[in-house]
Structure formats: C-alpha cells, structure tokens
2 protein chains.
Amino acid sequence: MNNAFTTISGAKRHNRVTISDMAAALGLTKSTVSRAMNGYPDISETTQLRVKRMAEKLSYQPLSHAQAIKTGRTRSLGLILQLSDHDAQRPFLAEFLAGVSAGAHNEGWTLTIAASENHEDMIETFRVLLRDGKADGFILPRAMRDDPRVRLLREAEVPFVLFGRQDDDTDCAWFDILGEDAMRNAVMHLVALGHTRIGYINGGTQYAYAGLRKQGFLQGMADAGLPIDPDLIAEDAVTIKDGAEAASGLLDSMHPPTAIVCAVDFAALGVYRAAAERGLTIGRDLSVVGYDGIPEGAHTQPPLTTFSVDNKSAGERLSNILIRRIRGEDLTNLRETDMATFLDRGSTGPAPSSKN
Amino acid sequence: MNNAFTTISGAKRHNRVTISDMAAALGLTKSTVSRAMNGYPDISETTQLRVKRMAEKLSYQPLSHAQAIKTGRTRSLGLILQLSDHDAQRPFLAEFLAGVSAGAHNEGWTLTIAASENHEDMIETFRVLLRDGKADGFILPRAMRDDPRVRLLREAEVPFVLFGRQDDDTDCAWFDILGEDAMRNAVMHLVALGHTRIGYINGGTQYAYAGLRKQGFLQGMADAGLPIDPDLIAEDAVTIKDGAEAASGLLDSMHPPTAIVCAVDFAALGVYRAAAERGLTIGRDLSVVGYDGIPEGAHTQPPLTTFSVDNKSAGERLSNILIRRIRGEDLTNLRETDMATFLDRGSTGPAPSSKN
DNA sequence: GGCCTTGCCGAAACCGGTTTCGGTGATCAA
DNA sequence: TTGATCACCGAAACCGGTTTCGGCAAGGCC
C-alpha cells in the first residue's frame, strides 16, 4: 500500500484546452468565459457569442469534475440495477442500457452504474454514489409500489426518474409503457377469437406494473361483458417455474380456461410447460398471450403471441427526462408514456369448441 | 438510518467531511492530512495512524473529483459495450455487469459505462471518456484479434484489461477462460461415447477466442487419433441462424458427423433446429456440445450439454486486475485464467451404430 | 449637470483536494 | 561545541473551474 501512488502514467496529458486558454485567446478573464459559457445574464450577447464560437473552434469543454468541485454536479446519470431477482429485466438489459447510454451521450452526459445483489447493497450503493457526488440524478428501473428508493431520494432531494408509474406521483418524473392497454387488447384479441373463459397470470405484485396490468385485464373482461372467475386469476409469477405452477393451478381447476393472458413473458413460457405436461397444444387447445417481447418467445413452438416493449427507446427517453429534470424543468412535462407493440404470432387461436 | 439521511443528501453537501475538517480535528494542516492519507514516506508512522484513525472516525473519504482535478485520476473504471454484434454477449451481460460492478465497488471505485451501436461510435466514445478523464482505465470485453481498441489505448497510454487473450500480448493485462481446454474436453467426452466423426462449428473468427477454441478442438481430435475432415468444420457461427446453416452444411455432407462441437451455445441451438428439420433426435441420432452456458440451453429438449462460464466472477476479476494495473502493479501478475464448468446434460449420447 | 441606475466585465476568493518548497528541532559525527 | 544531516511537518502555490464583489462607463431621470 505504501507505493500505491506510483501509478502507470495516466492519460497522456494532452494539452487539454482549459478555461485559461480560452481567456487568453479571447483577451478576457476566466470569470467572464465561465459566465458566458453558462449563459449568465450579465454577459453581453455579443461577448457570449464570441466565447461560444471560440469554444467551438478550440473544442473547449469544461472538465466536468473541475466544475463539480464547486457546483456539486458532474453531468452524469446514475443507474442502479438490482440483479437478485431473476426477473424479466435481464433479456432487455442490453437494449435498455444502450438506450440510456445513448440518451445520456446525446447531451454530453455520462452514465455511472452500479449493480447490486440485494436490496441492502442497493441502498448502500445509493448512499455512496450520492455522498461522493458520482451522479446528479438517478434512473430507477422497475418502479415498485411504495418504493424505498423513492423515499430515499426524495429525502435527499436528489432528482430521479422512474421507469414505471407509482401510486404516489407527487414530485415524481416518470416514463412508462401502457401495459394496461396491452392487457386489455389481449383480452379483446382473445374474445374476437371466441374465447370466453380467459385466465390471467399476474407478475410480481410488489411492482407497480402488476396492479396496472391486472386492471387492464379486468377492464378488458368487463368491456367484453365477461365475468371474472377468481379461480382463473393468479399472482406473482415472474419466472418460467412460477408461470408453470400458476398455469397448473388454472388448468386443473373445475372449469379450466381456454386462454391465458400473462403479465410477463416468462410466465407465458411457464404456461407452455404446464400445457405440454397435460398434452395440450398451445395455439389450438390453449391460447396464450404474453407481455414483454423477450427473444426466447420467438423461438418457442409455436412462437409466443405477445406485446413487445421497445426498451432501447425507453432507456433513451428516461435519460432525456432525467436530464431535463436535473436542469429544473417543470414536472408536468416530465411524464411520458409509450405503447407496447402487439406481436400476433402463433400462440393464440380460435377457442376450441367446448366438448367438455 | 434516520440521521444518515441528513449526512448523505447530495443537496446538503455542506455536511460532507472535508480535508479541512480533518485538519482542524487533528491540529494538522491539509497538506499533512493529504500526504498521510496517501501514504507519503515523509509522514511519521504515528501521524499517519492518527490521521487514518480519524478518517475512519469521521468517515472521511476524499472527494474523487476533487482529487481528479490535480491528479487526473477519478477512481472509476470504464466499460464500453458494443451492442451491434448479435446476441452473443447479451445473456451474460447482467452477470458480467454485476461482477464488474462488485469488483469496482469492493475497492471503492465506480463504473462508468457507455454502450455504442457501432464501431465508430465506440471509438468516439473512448475518445470522449479519455479526454474528459471519466475513466482511469478500461475493461475490454470480447478481445478481438488485432483489436483496434487496444491500439487506441496503447497509443494513449491508458491502462486497460482484456477479457480474452490477444496474439500480441505485450503490455496487455488480461483475464480469460480456457475455452480451448473445454473444446478438447468436449471431444474427449464424445470420443468416450464412441463418436469418431465429430464436426466443429466455430464462433466469430474476428474474435480471439475462435482461434483458441478451434485449436482446442483440433488438439482433442489429434489426441484421440482421429482424422480431421475439412467438410466437418465450419466457421463464424454466432447466432442460432448461423448455427443452423452451418449444421445443415455438415449434416448434408457426404459423411455426416454423429456429433458436433460448437464454440458458442447459440450455434448449438442452431444445430438443434437443423437436426429437427432432418428428423434427427438430439442426444440419440446426433450429439451436440456447446459452450457458454446460456440460460436457454437449460430449457431446450433435451437440455444442452455445454460448458458454462462464470461471467460474474470473470467481471469481478477483470475489475480487480484493472485496478491493480492502474495502481502500477507488474504486468506478469495481471494475467489470469479460469476454467469453464462442464454441464453434462442431455444433448450427448452414445454414437449411433453405423447403419449407413 | 449631478446623481443614480444599469450593463458589463475584471479581480480575487473559493471549492477540496495535491504537491512543491522550505523551515524547524533533533540527531550525529567531528 | 559546532555544523551537517535527517525526519517531519507547515506555508503556500496550484489544479480548472465557479461565484462574489466591486469598479467603471454609459445612460436615464429630475
């Protein structure tokens, strides 16, 4: 540890253009350059223009961590991924990251991420990143109902944006996909195929999306004038195994469904498994609709009919919203939604004629 | 937990313990505190201990971006993900990130990542991150033969670590899984089952691993005294589709193989598809061995026999190596390897008796 | 014409660290 | 005793920015 400071030569001290270089080149002082760059009102229009032109010419960019020492802000977004739950987040991670990164990069921001195993680590990581000013704001994937991260960030008065909506929206910026619309459309699609006994397998009820999607399903059933059979509704299925177990419950009930809507694709794959065990052919004996658009869904037999989410675009918009939030934009402009895209593949078909 | 909020909040930065607080509390000057914290030799043992104890007590941590302004180093690792290439690295991304993040976090470092779409963007991103000192070093996943990233970082004299080995090792730190051993073991496993006509489907030949794994396969064949049939060797299959096409080529050749070794799990899944098209049952008519341990492999029928890679551990070790490299540790200590774990599942079986 | 704004910018302090330089007091050889 | 050496630490400059404060000239008002 004693010789810890004899390090490899860091980045070549490229003659980076500093604010002093700018000042010298313009015949101004550092302070004027700084205020011009930051658009202070006490700098004349013409001077500001001169400065910015020169910045362009010399390709001057203030060093973010030099600014940070005074301002506390470092032009970087924080993203904390919780990886303990093997949830549906993983297949999208690459796209999502690509989007978030692109959104940040577009504005000249960077992205610092921390992946934590469990909840305690995640909170601790938040603390450290906040304390050390490693991020000016946070993107919170997978909004939970009564989210502890939200409480923490609110308390600390740190900007954040949710992927998903929360019950208590006050001072929350968010972006979300209208999963409830998708669920309702799923029901309508099945009804059009003649199904009347439609089951529903919900996702993790700790997450905000579950309530919404379930509402969407119920709404669809109501719209179609179909009754709700509590035996045909399951909760908390986020893995294939969960889905298989939930589906088993529905299929072994007194009056099994002819179709099942799943809040999560993995659960839908579980339905495949449960169906196979019972000799049921998906798309003929049993229709299944999923949600998420995971890649595996394209390779199953038959391919899964589902709603696909553009996670890259979601990430990009989240970055964008967060940056605007940090810049102090009004909250009302910082709540956006998008729709999932229906992929009509092979896992749905006409309701089998009842020959029970 | 409650009082931690107030000290942690980013908005209320004035609570943060600075070096001046330390100096005041100790009756020393800032400079002494700084040198003590950094282990300079001109500070007495006892003073250094006093300082470090006080740091512990006040939980003082130098602000990394305040240090960076003078030292240029910010205690953060850079990771640039290229997402243009197909699903190749996606399934591992979550684990890999978790590992990298954990490895960084353990040492009090952070992780800034950038995901780029194409090669040009990636190079550009490198440049920006370097210029702005956003990362003290980089982790390069997927080492390529004659890697342009390596050239760039060498040029800039910036520390980096490769995931994978390169032809030209000079001044490279790296970590790698011994894929060649796995391929050789795959051959031995099949030979033990009686196979003699064994095909090989290689991965992306632009990557360094492809050459190594192919060598491993050839070595295994040589060890078993089996001849190499060029018709049974395909290259550059990294997706299911690639794998299916390559497998079709092998299976439709004059003397089709009874077993196929794949450098990449996705290719192996392609073999499943090609086999299905020809009415061949995997594990009986045709044996398949993959490599990677992607989750999908566990859900196929039969489950794929493969070599699984612990990507989380890999990420963690890469972080660790990079940090040591940045600290100036000798290169000879910074080259590590690990083994893949053989998962003997259902896709291999005894060689079918030749009834051609 | 004098006084008070107002617009615009320079001077200097400041942020939280690091690093150079120099100055003690103690030790030690002569 | 003296002069030189050394271990240890303080003073101050510095890094690349931001921000406060104040000065100066031009313009408005009476």
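Convention: sequence-line order gives letters A, B, ...; per-chain numbering from 1.
- To the nearest angstrom, C1' of C:dC15 lies 13 Å from CZ of B:Arg16.
- Taking atom CE on B:Met37 and atom P on C:dT18, their separation rounds to 8 Å, with Å as the unit.
- Of all the heavy atoms in B:Pro141 and B:Ile80, the pair that sits closest is CD-O, 4.0 Å.
- Inter-axis angle, ends of the helix from C:dG1-D:dC30 to C:dA30-D:dT1, five pairs per end, rounded to 10 degrees: 50°.
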Can you check nucleotides 19-23 of chain C for protein contacts, nitrogen or oxygen pairs under 3.5 Å, and list what you find?
unit_1: C:dT19; atom_1: OP2; unit_2: B:Tyr40; atom_2: OH; d: 2.4

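- Scored by the salt bridge (Lys or Arg N to Asp or Glu O under 4.0 Å) test, B:Arg317 finds B:Glu336, B:Asp338 as partners (sequence neighbours excluded).
- Between A:Asp147 and A:Arg142 there is no salt bridge, since no side-chain N of the basic residue sits under 4.0 Å from a carboxylate O of the acidic one.
- Residues forming a salt bridge (Lys or Arg N to Asp or Glu O under 4.0 Å) with B:Asp168 (at least two apart in sequence, or on another chain): B:Arg154.
- The list of salt bridge (charged side-chain N to carboxylate O under 4.0 Å, His left out) pairs with a residue in residues 55-68 of chain A, not counting sequence neighbours, is empty.
- To the nearest angstrom, P of D:dA11 lies 11 Å from CG of B:Leu28.
- Atom CD1 in A:Ile43 sits about 18 Å away from atom P in C:dT6, given to the nearest Å.
- B:Thr47 has a side-chain polar atom (N or O) that falls below the 4.0 Å cut-off from OP1 or OP2 of D:dC9.
- Under the side chain to side chain contact (heavy atoms under 4.5 Å, CB included) criterion, B:Ala94 pairs with A:Leu83, A:Arg90, A:Leu93, not counting sequence neighbours.
- At a threshold of 4.0 angstrom between heavy atoms, the contacts of A:Gly133 with the nucleic acid are absent.
- Scanning for salt bridge (Lys or Arg N to Asp or Glu O under 4.0 Å) contacts around B:Arg151 gives B:Asp146, with sequence neighbours left out.
- Protein atom CG of A:Leu26 is 13 Å distant from nucleotide atom C1' of C:dC9, rounded to whole Å.
- Two residues, B:Gly27 and B:Ala66, neighbour DNA chain D, and the one matched to the more 5' nucleotide by heavy-atom proximity is B:Gly27.
- Rounded to an integer number of Å, the gap from A:Gln67 CD to C:dG16 P is 16 Å.
- A:Asn333 meets the side chain to side chain donor-acceptor pair (under 3.5 Å) test with no other residue; sequence neighbours excluded.
- Residue pairs meeting the salt bridge (charged side-chain N to carboxylate O under 4.0 Å, His left out) criterion with at least one member in residues 39-49 of chain A, sequence neighbours excluded: A:Arg35-A:Asp42.
- A heavy-atom distance below 4.0 Å to DNA chain C is reached by these residues of residues 55-64 of chain B, ordered by number: B:Tyr60, B:Pro62, B:Leu63.
- In this structure, B:Glu45 places its CD atom 11 Å from P of D:dC9, rounding to the nearest Å.
- Regarding B:Ile69, its CD1 atom lies at a distance of 12 Å from the P atom of C:dG16, rounded to whole Å.
- Residues passing the salt bridge (Lys or Arg N to Asp or Glu O under 4.0 Å) test with B:Lys312, sequence neighbours excluded: A:Glu117.
- Partners of B:Ala25 according to the side chain to side chain contact (heavy atoms under 4.5 Å, CB included) rule, which considers only residues two or more places apart in sequence or in another chain, are B:Met54, B:Leu58.
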